[in-house]
Amino acid sequence: EYFHKALQLNPNSSNIWTNLGELYKFSNGFTDAHNCYTKALSLESTNHNAWCALGSMWKDNGKLEEAINIFNEGIKYCPESAELYANLGNVCQQIGEKEKALFIYQKSVSLTDVI
């Protein structure tokens with residue numbers, strides 16, 4: 001309800017669309033979540049949270065190749081996103097590509113600020 005009200009005030013907010021997608025994802029609304037993430041990315045292709053959420057949704061539904069494609073596409077738009085690389089590494093590890101996963105994890109760590 002609150003996200004719908006927020007969208008009435010700001011229908012072009014990529015972040016609101018992403019958050020609404022998360023709500024749908026956790027209530028098993030795959031199609032609605034997918035539509036929200038797609039809308040978010042159409043408004044702001046550099047929204048790494050939307051890329052991560054969309055890829056994770058595919059991964060969680062066992063569509064690992066689709067998840068890999070989404071994470072790779074997200075990396076094209078958000079090459080400095082450590083989270084996208086980490087998510088891609090997780091899927092690579094899950095499908096048994098451990099050396100590739102290690103390389104991707106190293107890239108993720110290189111993008112992470114360590115204090």
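Because the structure is predicted, anything quoted here is derived from the model rather than measured.
- Looking at heavy atoms from C-beta onward, Lys25 lies in side-chain contact with Ser56 at the 4.5 angstrom threshold.
- Connection of Phe71 to Tyr105 is not established within any shared hydrophobic cluster, with ILVMFWY side chains joined at heavy-atom distances below 4.5 Å, either directly or through further cluster members.
- Applying the ring-ring contact (aromatic ring centres under 6.0 Å, His included) criterion to Phe30, with sequence neighbours excluded, gives Trp58.
- To the nearest 0.5 angstrom, Glu66 atom CD is 7.5 Å from Leu54 atom CG.
- Within the 4.5 Å cutoff, the side chain of Lys76 has no heavy atoms near those of the Asn72 side chain.
- For the pair His48/Glu80, no side-chain contact is recorded, criterion being any heavy-atom separation below 4.5 Å from C-beta on.
- The distance from atom CD1 of Ile68 to atom CD1 of Ile104, rounded to the nearest 0.5 Å, is 8.0 Å.
- Between the side chains of Glu22 and Tyr37, at least one donor-acceptor pair of N or O atoms lies under 3.5 Å.
- Atoms OH and CG, from Tyr24 and Asn19 in turn, are 13.0 Å apart once rounded to the nearest 0.5 Å.
- From Met57, atom CE reaches atom SG of Cys36 across 10.0 Å, with rounding to the nearest 0.5 Å.
- The shortest heavy-atom contact between Ala82 and Ser108 is O-OG, 2.8 Å.
- Leu111 and Leu102 fall into different hydrophobic clusters, where Ile, Leu, Val, Met, Phe, Trp and Tyr side chains are chained together by heavy-atom contacts under 4.5 Å.
- Annotation: the span from Asn87 atom CG to Ile70 atom CD1 amounts to 12.0 Å, rounded to 0.5 Å.
- Leu41 is not listed as a side-chain neighbour of Ser14, based on a closest heavy-atom distance of 4.5 Å or more.
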Margin query: Run the side-chain contact (heavy atoms from CB on, under 4.5 Å) test on Trp17 and Glu44 for me, step by step, so that the C-alpha distance in whole Å, both residues' side-chain angles and the decisive distance to 0.1 Å come before the verdict.
Written below: CA-CA 10 Å; Trp17 281 105; Glu44 183 183 350; over 6 Å; no
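- Annotation: side chain of Glu65 is in contact with side chain of Ile95 (closest heavy-atom distance under 4.5 Å).
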Next item on the list: Given side chain to side chain donor-acceptor pair (under 3.5 Å), test Tyr85 with Gln106 step by step and report yes or no.
Entry: CA-CA 9 Å; Tyr85 280 100; Gln106 289 170 336; over 6 Å; no
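- Listed by chain and residue number, Tyr77 satisfy the ring-ring contact (aromatic ring centres under 6.0 Å, His included) test with Trp51 (two or more places apart in sequence, or in another chain).
- Between Cys78 atom SG and Leu84 atom CG the span is 6.0 Å, to the nearest 0.5 Å.
- Side-chain atoms of Thr18 and Asn49 form no donor-acceptor pair, as typed in the model, at a separation below 3.5 Å.
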